[in-house]
Structure formats: structure tokens, C-alpha cells
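First the structure, in the form of C-alpha cells, and then the observations on it.
None of these values were measured; they are calculated from a predicted model.
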Amino acid sequence: LGCGDGRVVRYAAKEYKVHGLGIEINPTLVWLAKLRSKLDGTAKQVRFEVKNIFDLDLSHAHYVYIFLFPALLRKLQPQLEQALHNKAIIISRGFQIKYFEKYLFKKYKGKRFMTYYYKKP
């Protein structure tokens with residue numbers, strides 16, 4: 001969510017052979033993500049869409065990767081809870097999701113940011 005130029009989605013597709021969907025509100029970044037996916041050979045595995053993250057249905061997601069500020073994370077609570085109810089793993093780069101603290105199962109300290117992993121038991 002908030003995929004920017006799509007680098008995380010494209011990396012997952014390339015390294016782990018998964019299919020991914022990147023959501024971004026900025027059409028220029030979506031255009032760039034699509035171009036880069038064609039250039040790096042991941043275009044058949046990934047899709048990028050211009051959408052508002054607050055209008056999403058995450059009920060079919062297996063993994064949700066987020067790099068958003070805490071205020072946006074709070075606003076996303078209903079969609080993220082929907083994803084957790086369906087056993088998705090939520091990965092938050094940079095910021096903890098305070099209201100999911102009881103579902104935190106892993107922390108990873110990167111070079112610049114912590115990454116937090118959440119899943120319902």
C-alpha cells in the first residue's frame with residue numbers, strides 16, 4: 001500500500017516468484033512502476049493501480065506491505081483488521097502499528113528503519 005515506484009512488489013515477484021499488486025495514489029509513480037516492471041521482466045507477475053488506499057478490500061491479501069506514517073496507519077485500521085481476520089501477514093516498515101501490538105510476531109532492524117510483522121495466531 002503506497003507502493004511508490006513498485007520496487008518492493010517487483011523485488012518480491014522476482015525473488016520469490018509471487019504475484020503482487022501495488023497500490024499508489026500518484027499516477028506518475030504508477031506509470032514508473034509499470035515501466036520498470038516491463039524492463040525487469042516482472043510485468044506478468046505484478047500489477048500496479050492508481051487507487052486510494054482507504055477504498056481497498058484487503059480480504060484476499062496474503063501479505064500486506066506498508067511504509068506509511070502512523071496517522072495513516074490509524075486511518076487504515078478497518079482495512080488492516082479485515083486482512084488480519086483472513087490470516088494475512090501485515091508488514092509495516094518504519095512504524096509500529098500500535099493497535100496490533102498483540103499480533104506482533106517479529107521485528108527486524110534494518111539499516112535505517114525497523115520492520116514489524118503482524119499475524120493473528
Side-chain angles (χ1 to χ4, degrees):
L1 303 179
C3 71
D5 67 2
R7 69 185 64 193
V8 172
V9 177
R10 290 182 294 107
Y11 177 83
K14 198 170 207 166
E15 292 297 314
Y16 302 105
K17 309 298 184 232
V18 298
H19 292 269
L21 170 63
I23 302 297
E24 174 62 50
I25 200 161
N26 183 327
T28 304
L29 289 174
V30 170
W31 177 85
L32 183 59
K34 288 178 179 181
L35 174 65
R36 288 185 172 165
S37 71
K38 288 178 185 172
L39 294 174
D40 71 11
T42 58
K44 290 184 179 179
Q45 294 167 259
V46 297
R47 221 173 67 229
F48 297 98
E49 296 180 9
V50 177
K51 282 191 177 176
N52 184 324
I53 59 176
F54 300 107
D55 297 332
L56 292 176
D57 173 8
L58 297 176
S59 63
H60 300 299
H62 296 277
Y63 293 86
V64 178
Y65 180 88
I66 309 166
F67 191 12
L68 299 171
F69 287 111
L72 289 174
L73 290 173
R74 279 190 296 280
K75 288 182 181 179
L76 269 177
Q77 185 173 354
Q79 287 95 328
L80 295 177
E81 285 179 347
Q82 178 186 51
L84 272 182
H85 285 300
N86 293 305
K87 304 293 185 194
I89 292 176
I90 297 176
I91 304 163
S92 180
R93 175 102 168 137
F95 301 99
Q96 277 186 288
I97 303 174
K98 296 288 185 190
Y99 51 86
F100 284 162
E101 216 164 315
K102 64 184 174 187
Y103 302 127
L104 181 69
F105 72 91
K106 181 180 174 182
K107 290 184 195 178
Y108 174 75
K109 184 175 170 121
K111 291 179 185 176
R112 296 181 357 201
F113 298 101
M114 289 289 288
T115 303
Y116 304 90
Y117 298 78
Y118 303 89
K119 184 177 183 179
K120 264 191 160 178

What's the shortest heavy-atom distance between [X] and [Y], and which atoms?
X      : Y      : result
Ile97  : Tyr118 : N-OH, 2.8 Å
Phe54  : Lys75  : CE2-CB, 3.3 Å
Leu76  : Leu68  : CD1-CD1, 3.6 Å
Pro27  : Val50  : CA-CG2, 3.8 Å
Lys119 : Lys87  : CE-O, 3.6 Å
Lys120 : Tyr103 : CE-OH, 3.3 Å

Is the shortest side-chain heavy-atom distance between [X] and [Y] below 4.5 Å?
X      : Y      : value
Phe100 : Glu81  : yes
Tyr11  : Tyr16  : yes
Phe48  : Leu29  : no
Gln96  : Met114 : no

Could you measure the distance from the [atom1] atom of [X] to the [atom2] atom of [Y]? Nearest 0.5 Å is fine.
X      : Y     : atom1 : atom2 : answer
Glu24  : Asp5  : CD    : CG    : 9.0 Å
Asp40  : Arg7  : CG    : CZ    : 12.0 Å
Arg74  : Leu80 : CZ    : CG    : 13.0 Å
Leu72  : Phe95 : CG    : CZ    : 10.0 Å
Thr115 : Ile66 : OG1   : CD1   : 12.0 Å
Leu58  : Ile23 : CG    : CD1   : 8.5 Å

Could you tell me whether a side-chain N or O of [X] sits under 3.5 Å from a main-chain N or O of [Y], the two making a donor and an acceptor?
X     : Y     : value
Thr42 : Gln45 : no
Tyr65 : Cys3  : no
Lys38 : Ala33 : no

Joint cluster assignment, [X] & [Y], ILVMFWY side-chain distance < 4.5 Å:
X     : Y      : result
Phe69 : Ile90  : yes
Ile89 : Tyr108 : yes
Val9  : Leu35  : no
Val30 : Leu56  : no
Tyr99 : Leu1   : yes

Query raised in the report: Would you say Tyr63 has more than 12 foreign heavy atoms packed within less than 6.0 Å of its OH?
Result: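 Atom OH in Tyr63 is not packed in, count stays at 12 or less.
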Report task. May I ask you to establish whether Lys106 and Tyr117 are in a cation-pi arrangement, using a distance under 6.0 Å from NZ or CZ to the six-membered ring centre and at most 45° from the ring axis? Result ->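 Judged by the rule (NZ or CZ under 6.0 Å from the ring centre, within 45° of its axis), Lys106 counts as positioned above Tyr117.
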Query raised in the report: What residues, two or more places apart in sequence or in another chain, satisfy ring-ring contact (aromatic ring centres under 6.0 Å, His included) together with Phe67?
Result: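 Phe67 satisfies ring-ring contact (aromatic ring centres under 6.0 Å, His included) with Phe113 once adjacent residues are dropped.
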